[in-house]
Structures are given as C-alpha cells and as structure tokens.
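See structure below.
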Amino acid sequence: MTMRPASVPVLAVLLFVVALDAQQGQVPGAFRSRIILVPLDVRVVDRDGTPVTDLTQEDFTVLEEGVPQKIGHFSLELLRPDPSGAGDGLELRRAPGNDLKAQRRRVFLIVLGRGRLQYPAKGVDGALAFVRTKLLPQDLVAVQAFNRATGFTTDHARAAAVLERFRKTHESIESRLRNQASNIMSARAPAIPPGVQKDIDGIFAVPGAAGRALTPGTLTNDGRVVDAMREASDRFAQQSRDNVNPIDPAIETRAEEVLRNEQAFVDFMAGAAQSLTDLNTVFMAIEYLRFIEGEKHLVFISENGLLLPSLEDDTSLAALAADARVAIDTIRTGGVQDLPVTTVPAPPPGANQAMLRSVYDAALTATQVRGTRAEPIFTAGTMKTFARLTGGQASLYRYADQAFDRIDAATRATYLVGYYPANANWNGNFRRVRVLVNRPGVTVQHRFGYYGRAQLVPFNKREFMTYARIASAGAHTMPVRDIDVTLKASIVQSPSTGMQVAVEGTIDLSKVALTAGGGMRTGVLDVAIFCGSRDEELVGERWQKLDLKLTEETYRKALKTGLTYAARVPVTTIPRHVKVVVYDHAADLIGTASATFAHR
C-alpha cells in the first residue's frame, strides 16, 4: 500500500529533542489558553494521618510569591464507592475557566523503580493489596516499570496481574541490569539489553492491560545531575589513587583498603545507574500524566531514592510535577540503613586520611561529600521533599501496606481551592504557592507552584494524542517496537521534484486495532516520517493518515508478510537520518524504525 500526499500543517518538531509543552507553533487538536482560576488540591491531615474535613473557606489563606490571593472556588470532595463510574475512561485536560469541576474518582499511576522493592518493606505486596482492596470502583489505575506502562483502567484485576508478574521476575531482571556496564556520565538512563527488554515486555503481556513503551524526553536540570555524578565519581578515582600512592611513603599501602575502595566504586557505579534509571522513569511518568484532567497521583516505589541535586529549583522535576497537577507519593523499600559503614583504625600522624577510608566513610563522616552537590547520591531525603513539594505522602521507614493505607486515607478527602492570580504578567516563570490553614497541629499538603504561562489544552482528543505520541516517539533515540516497523530509505533527485527521500517498509498488523465487519477489516494508522541533517536539524517531514480497508484474505496475508508502505519526503538539504513513526490511536500503540545514510 502506498501512502498518498495529504494536506497537513508543517509542524516544528525536532528529530531528537522535543519539549511538547514548550512548542511555540500550533499543535493539531490543541490550543493555548491562559489560566483564569488556579486549582489547588489541598489535603489536611492530623498527626495520625486522618483527614480533617470540617474546615471552611475562611480557614484557608492562599499566598502566591508571598502575596495573598483571592479565593474564587472552595469545595470539599469526599470520595465514596461509585460502581456507576467503573467504566469511565480518561478525561483530557480542559481549558481553564471561571469554575472548577470536582473529581469523583482518583487517578493512580504506580511506578515501580529499580532495586529491591519486595524486601524488606514488601513494596510489591503493598501495591497488590492497594489495587485489590483499597481502590474505589471508579478509580483509574496504571502500572509502570522500567520503560513500559499499562493503560489506565477501572479493571483493577488487570493491574494486579501485571504486579503479580513483576513480583515473580523483577529480581532476575534487576540482577542483570545491575551487572550491566553503564556510562553514568550522562543524564540518560542506561540502555536495556534486548534479552532483558523481552522479559520486561513479558511482565506487561497481560490480556487487556494495553502495555506500551514510554519514551523519555529531556530533563530540565540534567546538567546538574551530570555534574553531581561526575563530582562523586572523581572523588572515587582520587580515592583509588591515594590508596595506591599514599602521601607518606613510610606507610605501607594496605591491599585490603585498595580492594575495599574498588568494590565501593563498583557499588557506586551500579547505584548511580539505578538512580539515573529511576530519575528518567519518574520523568516519563509525569509526562504520561501531564495531559490528563484534574489531579493525578504518581506512587513511586524505590529502594533508596532519587538523585536530584536541586529538587526545590523552579526548573526541577518537582516543579514539572507540580505544574502538571501530579502529586508524588513516595515509598522507600530499602530499609533504615542508607550506606555500608566501615570501621577503620585511626591513621598514624601525617598519613593520608583518604588512604584509610572509602568514599562511603567520607560521606558518613562529612569529610568529603557532605555539603556538596554529590550528597543527594547518598541520601533518601529527596523522597520526603518530592512528596512535600507536590502534595503527596512520603513513607521511608515503614511497611508498604501501611504507606498505601495512608495514601488511601488522605486521598479520599480533598479540598479543591481555586484562586484568581493577582499577577497578570504571564511570562512563563514558575510561581510559588503556599496554603495556610487556621488549625493548629495539622499538616497541609499541596503542590508548591505552577508555571505562569498559557496552557496547552486539547480540544480534539484523537489529533492531540496522536501528535503527542508521535512527537515524543520521534524525539526518542531508542526504537519503540509496540508495533514492529521496517524501513528502507534512499535519496532521489530529479529536475521536477528536487531532492527527496524515498522510504518503504512494512508494518506488522498483529497488534493493530482493526474493526471487523461486512467481510472487511478497517482502521486508521497515523504515519510520520522525519528526515534530519548531520547536525540533527529537521530538513524534511511528512505526516499522513493511512486508511485501512482490508478484505479478510488481504488481512490474513498482511499478518504474515506485513502491510507494505511507501512514500517520498521532500528535503531542503542532504539528510543523514530518517525515522518513521507509526501510531495506532485505537490501541494507543507506537512503532518506530530508523535509517542512516552512512556516506553523508
């Protein structure tokens, strides 16, 4: 089947780096709307974590950048089981207006981080119990692990089935990933080997779970993450040199100290790779939730925590979550002790201190790491701060079922507060918000701010989600194989058409959602082709819809051989890269394939 040219708007999409919410051009199926009434989801709990539900609007004060604001909406939402809402789907973000709509259900994305999640805190067991016994019939839930996620559903049994598979296989997967050699001097998560990826895909191969790949974008503060990683790594390297070449030549180098430091470095490298993976996992989760209406809860289960050097910065991951109305609930499963503690004898006078202690010792004794940007590598304090800044709950030293009980109790009672911002300068800067409650002895939980800019709001769900998925996949450097796609590309040129890239390939239809009826299989695929230069500049693109109307015989043949496609893309200069993205909106699945002109 040949793709015919279609009349589509030119979209400013970079091939390898895209920030969807920051695009300045028009996005199909969406428009930009200025904030009128800022929504705040406020939970007030007592010392036991029990919601306080007898407050009035007069008990609340809202401050934006320290300035009192006028409250325009106030309501208390008490959630109770509502079986009539069990079949409702997701609602995309609405345009801001003068009124706020109460939420009648909760939206949970359970994010399973790296490391030991089952013991000692029994993190997976806690998640399973929460999904099976605590969720209300109308609540939506999805599960994310590594680079995969389920679709949101009120069929909680499907989410539980994924969690069951994760519990059985994640320790084997984790062991192989931990042994993988990784380059930590990057803010990107280490690549997952194909064999391990196959096992990850198996976790999500639950009928009806709608598992799909998630594509990460660019972290806003990744430069500081890299700096912190490099600083800590340099300290380890210096430690090894000091152990081998002590300052005082009269002091005999102790072989056990050298070996201990080398093992500490190996452990550090593995832990750093784990932390970077978790960092990207949380970022993907926030982007996954960004365009859903209302408040969403991201429940992040982690062994030790995250590497976030500047969590309270306006451009941090916490700020992105707060802006998207994503409350992050954190559960730490690694136990009380953060780091191995090593006892060493007191060094003789004049000896090099570094020779007799590892960097872990230095971190604990505050001689080298404490107070530097490398310190977050060795602490779990960011888990608390993350929850505090986004309006979530933090549980570091308790069993996971208890943590989920606290999350469940707190989220069943929420004050929805809306205020009219006094600052009318919509310059895109982050605005810090604080809510005060006139009640002693209570804890107030809410997001700590938002970006004062026009919001990207969808008005056509299909077009908007198609653009969002394709743009994200186009920016992702790794292949996405929810739909298997092949690609062959060549450069052609003629006096009449100019320079073009000719592409052809096949699309696997086995996972594509087609409607059967009247002896035909019908459906629609969206196909986008991007051509990039050596400098990774976009030099040509084509976006098209592929209307499928296949007889049963043609469909059966296509299942065996793949659906063929072909197209030509005009380019403004000689390209180096070509990428095709195929998206099935009905199944919400994506496939990508890339080609490179090596001689260019």
Side-chain angles (χ1 to χ4, degrees), residues 43 45-51 79-81 105-145 149-150 152-171 174 203 206 209 278 281-282 285 296-306 326-338 380 382-384 386-388 390-414 443 445:
R43 280 168 290 279
V45 297
D46 61 19
R47 291 184 177 89
D48 298 324
T50 303
L79 295 181
R80 297 179 175 86
R105 65 181 179 189
R106 300 171 295 181
V107 180
F108 289 102
L109 176 59
I110 298 174
V111 179
L112 304 165
R114 292 281 311 278
R116 299 178 304 160
L117 301 189
Q118 182 61 355
Y119 299 105
K122 298 184 178 180
V124 186
D125 285 349
L128 272 166
F130 175 71
V131 169
R132 287 171 172 162
T133 66
K134 299 297 183 181
L135 290 180
L136 303 174
Q138 69 270 28
D139 287 343
L140 286 164
V141 65
V143 178
Q144 178 182 335
T150 69
F152 284 93
T153 181
T154 55
D155 187 345
H156 305 151
R158 293 176 180 174
V162 173
L163 289 169
E164 284 278 13
R165 293 190 179 201
F166 179 87
R167 182 170 59 179
K168 292 178 181 178
T169 62
H170 85 279
E171 289 185 0
E174 179 62 36
I203 294 174
V206 172
D278 278 348
T281 296
V282 172
K296 294 77 61 176
H297 278 265
L298 190 167
V299 184
F300 177 55
I301 307 175
S302 171
E303 179 181 1
N304 290 318
L306 286 172
V326 174
I328 300 181
D329 303 293
T330 57
I331 300 175
R332 184 170 177 267
T333 64
V336 175
Q337 188 168 326
D338 291 340
T382 53
M383 298 284 275
K384 286 184 177 180
F386 227 148
R388 175 176 60 82
T390 61
Q393 301 263 355
S395 297
L396 302 186
Y397 308 115
R398 66 181 70 211
Y399 285 106
D401 59 346
Q402 299 171 356
F404 275 106
D405 287 347
R406 294 176 66 230
I407 293 170
D408 176 56
T411 55
R412 292 198 182 209
T414 302
T443 299
Q445 302 165 345

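Separating the CG atom in Asp408 from the NE2 atom in His297 is a distance of 10.5 Å, to the nearest 0.5 Å. For the atom pair NZ (Lys122) and CZ (Arg167), the distance works out to 10.5 Å, reported to the nearest 0.5 Å. One finds the OG1 atom of Thr443 at 8.5 Å from the CZ atom of Arg47 (value rounded to the nearest 0.5 Å). Interatomic distance, CZ of Arg43 versus CD1 of Ile407, reported as 10.5 Å (0.5 Å rounding). From Phe386, atom CZ reaches atom OG1 of Thr330 across 9.0 Å, with rounding to the nearest 0.5 Å. Atom CZ of residue Arg80 and atom CD of residue Gln138 lie 11.5 Å apart, to the nearest 0.5 angstrom.
Listed here is the closest heavy atom pair of Pro51 and Ala409: CG-O, 3.1 Å. In terms of heavy atoms, Val206 sits closest to Ala161 at CG1-CB, 3.8 Å. Taking all atoms of both residues into account, the shortest heavy-atom contact from Thr333 to Gly123 is CG2-CA, 4.0 Å. Across all their heavy atoms, Arg165 and Thr169 have their closest contact at O-OG1, 3.0 Å.
Looking only at side-chain heavy atoms (C-beta outward), Tyr119 and Glu171 come within less than 4.5 Å of each other. Residues Leu163 and Leu112 meet the side-chain proximity criterion, which asks for heavy atoms closer than 4.5 Å. Side-chain contact between Gln144 and Thr281 is present, with heavy atoms from C-beta onward closer than 4.5 Å. The shortest side-chain heavy-atom distance between Asp329 and Leu298 does not fall under the 4.5 Å cut-off. Side chains of Val131 and Ile110 form a contact here, defined as non-hydrogen atoms less than 4.5 Å apart. In this structure, Val299 and Leu109 have side chains that are not in contact, with every pair of non-hydrogen atoms separated by 4.5 Å or more. Residues Arg398 and Arg406 meet the side-chain proximity criterion, which asks for heavy atoms closer than 4.5 Å. By the 4.5 Å heavy-atom criterion applied to side chains, Val143 and Phe166 are not counted as neighbours.
Distance alone, capped at 3.5 Å, places no donor-acceptor pair between the Asp48 side chain and the Thr50 backbone. Side chain of Ser395 to main chain of Ala403: no donor-acceptor pair is present (N/O by atom type, distance under 3.5 Å, no hydrogens or angles). A donor-acceptor pair under 3.5 Å is absent between the side-chain atoms of Gln393 and the main chain of Ile331, judged by distance alone. With hydrogens and angles ignored, the 3.5 Å screen pairs a side-chain donor or acceptor of Arg116 with a backbone N or O of Gly334.
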Going through the distances and angles, do Ile301 and Val111 end up as a side-chain contact (heavy atoms from CB on, under 4.5 Å)?
-> CA-CA 6 Å; Ile301 307 175; Val111 179; over 6 Å; no

For Lys384 and Leu396, run side-chain contact (heavy atoms from CB on, under 4.5 Å): C-alpha distance rounded to whole Å, both residues' side-chain angles, the deciding distance at 0.1 Å, then the answer.
-> CA-CA 8 Å; Lys384 286 184 177 180; Leu396 302 186; 3.5 Å; yes

Mind running side-chain contact (heavy atoms from CB on, under 4.5 Å) on Thr390 and Gln445 for me, showing each step along the way?
-> CA-CA 8 Å; Thr390 61; Gln445 302 165 345; over 6 Å; no

Step-by-step side-chain contact (heavy atoms from CB on, under 4.5 Å) determination, His170 to Leu117 = CA-CA 9 Å; His170 85 279; Leu117 301 189; 4.2 Å; yes

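Listed by chain and residue number, Asp125 satisfy the side-chain hydrogen bond (donor to acceptor under 3.5 Å, both in side chains) test with Gln118 (two or more places apart in sequence, or in another chain).
A salt bridge is defined here as a Lys NZ or Arg NE, NH1 or NH2 lying under 4.0 Å from an Asp or Glu carboxylate O, and Asp278 with Arg114 fails to meet this definition.
A donor-acceptor pair shorter than 3.5 Å can be found between the side chains of Thr411 and Arg106.
Proximity of the aromatic rings of Phe130 and Phe108 is defined here by a centroid distance below 6.0 angstrom, and this criterion is met.
The side chain to side chain donor-acceptor pair (under 3.5 Å) analysis of residues 126-135, with sequence neighbours excluded, yields the pairs Arg132-Glu164.
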